[in-house]
Amino acid sequence: MSMFVKFLVAAVGSGTPLLFGTLGEIVNEKAGHLNLGVEGMMSLGACAGFMVGYVSDNFLLALLAAFAAGALGGLLYAVLTVTFMADQNVTGLTLTIFGIGLSNFIGIYMLGRSETGSLKLPETITRQMRNIHIPKLSDLPVVGELLFSYNPFVYLGIALAILLAFYFKRTKTGLNVRAIGENPGAAAAAGIPVTKWKYLHLLLGGGICGIGGAYCVMIINGGVWISNSVGGLGWIAVALVIFATWSPAKALFGSLVFGALRVLKYYNFFKLDIPIAIYDMLPFLVTALVLVLTSIRQSREKAQPASCGVNYFREER
Amino acid sequence: MSDTNTERPAIACKGITKVFGTVVANDSVDLQVKYGEILALLGENGSGKTTLMNMLSGIYHPDGGQILIDGKEVVISSPIDADALGIGMIHQHFKLVEVQSAMENIVLGTKGKLPKTKQLRRDILAISEKFGLEINPDQKIYEMSVSEKQTVEILKVLYRGARILILDEPTAVLTPQETQKLFAILRKMREEGAAVIIITHKLNEVMEISDRVTILRKGKSIDTVITKETSPQKLTELMVGHEVTLEIRRPEYEDPSDLLHVFHLKVDKPDGSAGLKDVNFVLKRGEILGVAGVAGSGQKELCESIAGLIPVKEGAILYEKKDLKGKTPNEIINMGIHMSFVPEDRLGMGLVASMGMVDNMLLKSYKNTKGPFVRRKPARKMAKELVKKLDIKTPSVDMPVRMMSGGNVQKVLLGREIESRPNVLITAYPVRGLDINSSYTIYDLLNQQKQKGVAVMFIGEDLDVLLALSDRIMVLCHGEVTGIVDAKQATKEQIGLMMAGAGEREVMGHE
């Protein structure tokens, strides 16, 4: 039992960066942009978050920097695809390559300047992003561990998912943005400023991805800089968007499942004698399965926003 | 809609001019509409109707002239401005979000907070009742018929409190019965004091619904007449600029014998749903078989399955006694059958848009020549002949066909198909988007083919044309044939009822 609780707790932790990446990509796709640059924006966020944290020793500043870096990646993508109408797939892939490259470059440069030959986050910030401990609540058996024992990122991610779900479902701006993602022509005819909302949501989505990247290096790697710290999580996030059927609330569940798959190898529940590599493969295998299954299922409401991948040009009729 | 002051015009355009590059789309156009009036804007394609309306709805900017609303000069620089001035536009191609409900589409883009669902539903139903509209506010758009979608578009405009409504070719997609319903709604709006502008090129509708008609020709406003004091003949002359006969010929062919038999044809759409369900008919030599039906009733599947472009699920297509089922277009040609298909999507399926006339001619004929090289000379000769014969307007036979106007593109396509001397000619909406002169050229071409003994299938949308041109009319509804009637005896109302699903026997009232 206690082993299973530990497994769940680990799953939540390992699912959190996926949650951020997925939420960011959902925000992008709701505005009609299939952004394959999630991995790149996460890398940018990882680098900016870590470096600002390293220098300033302030968790809040690090978070803001991660968000800003991801949003800058999003801005780059928005300028290219919204204003210059570049192909969304190509731009997204390029953004991924660019993001990983730039963050590794800065990382290596900073490593070269450090005296110890390694980069580790300082004291204060490490303390600030430690798992929370609420007296009494956190001490409850099982429940305390399952609900009140995580680092601040986890709660931020959950709050964000709920907020976004409410935003897209209940607010007028959310409704308008969904309309843009489905049919920008119809949205423009209804008097919705298409370009403005596209830009804002591409930036917002990028920023959210950036925070997910910061989590990878600051929590998963224990506050020590290594290159390629995001390590493909951005790609899983893109697939998770499909798994979650473009719903921020379902992204919570999806990232938990995928988080669990990623840590399964440390908890050999079934006493199976299989190579560790199989476990490493599981998230990708499930992703492939999900892609196949979701392409069979046909439901108009639970499908990708119709204008995803197609740039909008007002003069075209 | 309280302003019932009938003296002051709701909208007045004075000397509106709009230039695109070197083309003058609108040349000092004048137009006036009063509250409580329906104005028809009549003109051929390319006469500047839509350009003018796009300026009123804020999509384009006029280069010169004034727009006055309620007597005050205004600048309309975006759809948002038009909205604020009480102008609502109902586009020909609906601007709706398919996966959202009617209610969500109606409230889309409006100012202020999102109203409570209950409140919103009540408001929408109240407006619907006032104007006699029928709607289920919770229904998703993709579950709706074309006419229901149009209702949503109208409600969208009314919900924003528009007092000036512009409808761009609203009847193009409706059955005659649905058109009557729409007209009843428009009359109701007129009673409520709205100013309505309806863009159309269907004369009978102009005569029926409008109070006054403004005629545009080549970007200029030619005249404004009171509907009661004019006639379709006069309107046509104003529209075209010279006298035309509105009669479509229907020559007789001596010996119509059966050529193509279609038995129990079943075809699926790409998404797996049924496109055609058990279709039976005969196509004769020397006849024009008109096919009527609301858009999407299976016309596309019918044409493409006969032409061998999409697979047939069940049934048989017999040409004389040879079955064409499962044959590719190439195999059909090799069987010695010359089948020509003029598709609806002229520049997508019919011609290669970026190629010139010569290369497009080659596409049909290159296989007939020996050796690995193509020979352009015969194709060039043919292209030049077509230009002369069909009066195609193009600076050069090498200019990409996409730069040509719709009428000329259709002439190129139909001309090429006819040059291959077909036995069977299938045409889908051949006059869609063409002006009156080009349309009559196309009718003449089809009649010539018919007199040569070609079996012609004519998928049409204008029932008046179908009734005048065809020998028999086959009516499709949801992939089924609801009737095959003699075009000389059938009426528009009867065809309309069959388009909506009524059987031939109950409509025609005999065996």
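In what follows, every chain begins at residue 1, and chains take the letters A, B, ... in the order their sequences are listed.
- Of the listed residues (B:L96, B:D81, B:D83, B:L108), the one with the most heavy-atom contacts under 4.5 Å to chain A is B:L108.
- Distance alone, capped at 3.5 Å, places no donor-acceptor pair between the A:N183 side chain and the B:V97 backbone.
- Residue A:A189 comes nearest to B:P79 through the heavy atom pair O-CB, 4.2 Å, listed as atom of the first residue, atom of the second, then distance.
- Heavy atoms closer than 4.5 Å to chain A are found in both the backbone and the side chain of B:V107.
- Heavy atoms of B:E104 lying under 4.5 Å from chain A belong to its backbone as well as its side chain.
- Contacts of A:R178 with chain B are made by both backbone and side-chain atoms, with heavy-atom separations under 4.5 Å.
- Closest heavy-atom contact between A:K172 and B:P115: NZ-CD, 4.4 Å.
- To the nearest 0.5 Å, atoms CG (B:N105) and CG (A:L175) are separated by 8.5 Å.
- Taking each heavy atom of B:L114 and A:R170 in turn, the nearest pair found is CD2-O, 3.2 Å.
- In this structure, chain A has no heavy atom under 4.5 Å from any part of B:T117.
- The 12-atom threshold is exceeded at OH of A:Y155, counting heavy atoms of other residues, nucleotides or ligands nearer than 6.0 Å.
- When the shell of 6.0 Å around NZ of A:K250 is examined, it contains more than 12 heavy atoms from other residues, nucleotides or ligands.
- Only the side chain of B:K140 comes within less than 4.5 Å of a heavy atom of chain A; its backbone N, CA, C and O stay farther away.
- Nearest heavy atoms, B:R160 versus A:A190: NH1-O, 3.2 Å.
- When all heavy atoms are compared, the tightest approach of A:A179 to B:Q100 is N-NE2, 3.7 Å.
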